[in-house]
Amino acid sequence: MEHVRLNGHPVKRLPNNVNVSVEFVEGESMCLNMDMSGICISTGSACSSTSLEASHVLLALGLDPVNAHGSLRFTLENGPPKRK
């Protein structure tokens, strides 16, 4: 897809996790729009999920801070959702 970049290795990765960056769009706004459609995603990487700073992992992968802030993390769980 144009303006979408896969972050991380294309093959050597967890089978249930994908992180992409979308140019020209803030990750937080995409996250809110997906949530309104019933899709739960996160911005950045798992290790930076509580910070507003650009993920140090994504920066180490070569992303600039602007594209790191435009990243989305999709994680699929096995089985039905757990009840609290």
Side-chain angles (χ1 to χ4, degrees):
M1 294 175 66
E2 193 173 347
H3 304 291
V4 177
R5 171 189 168 166
L6 175 66
N7 298 319
H9 195 277
V11 177
K12 296 179 182 179
R13 57 186 319 115
L14 293 173
N16 68 330
N17 185 291
V18 67
N19 189 302
V20 296
S21 292
V22 182
E23 292 180 326
F24 315 115
V25 182
E26 180 67 35
E28 194 63 34
S29 65
M30 289 185 288
C31 196
L32 291 172
N33 282 323
M34 294 281 217
D35 184 52
M36 291 189 316
S37 297
I39 301 170
C40 298
I41 60 172
S42 301
T43 59
S45 65
C47 57
S48 67
S49 62
T50 60
S51 173
L52 295 178
E53 297 294 320
S55 163
H56 68 277
V57 173
L58 296 176
L59 296 175
L61 287 171
L63 272 72
D64 60 65
V66 172
N67 285 327
H69 278 289
S71 67
L72 298 172
R73 179 172 41 98
F74 296 84
T75 305
L76 302 175
E77 292 186 14
N78 293 333
K82 296 176 183 155
R83 295 182 182 246
K84 292 183 180 182

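We use all heavy atoms of the structure for the numbers below, so side chains are in, but hydrogens, waters and symmetry mates are not.
Taking CE of M34 as the start and OG of S29 as the end, the distance is 10.5 Å to the nearest 0.5 Å. To the nearest 0.5 Å, atom CG of residue N7 and atom CG of residue L63 are 4.5 Å apart.
Side chain of R5 to backbone of E23: no donor-acceptor contact under 3.5 angstrom is found. A distance-only check finds a donor-acceptor pair linking the side chain of S55 to the backbone of V57 [under 3.5 Å].
Grouping the Ile, Leu, Val, Met, Phe, Trp and Tyr side chains by contacts below 4.5 angstrom, directly or via other members, places F24 apart from M30.
Under the side-chain hydrogen bond (donor to acceptor under 3.5 Å, both in side chains) criterion, H9 pairs with no residue, sequence neighbours left out. Qualifying side chain to side chain contact (heavy atoms under 4.5 Å, CB included) partners for L59, counting only residues two or more places apart in sequence or in other chains: A54, P65, A68. Scored by the side-chain hydrogen bond (donor to acceptor under 3.5 Å, both in side chains) test, T75 finds N17 as partners (sequence neighbours excluded). In this view, V20 and V4, L6, V18, L72, F74 satisfy the side chain to side chain contact (heavy atoms under 4.5 Å, CB included) rule, not counting sequence neighbours. Listed by chain and residue number, N67 satisfy the side-chain hydrogen bond (donor to acceptor under 3.5 Å, both in side chains) test with D64 (two or more places apart in sequence, or in another chain).
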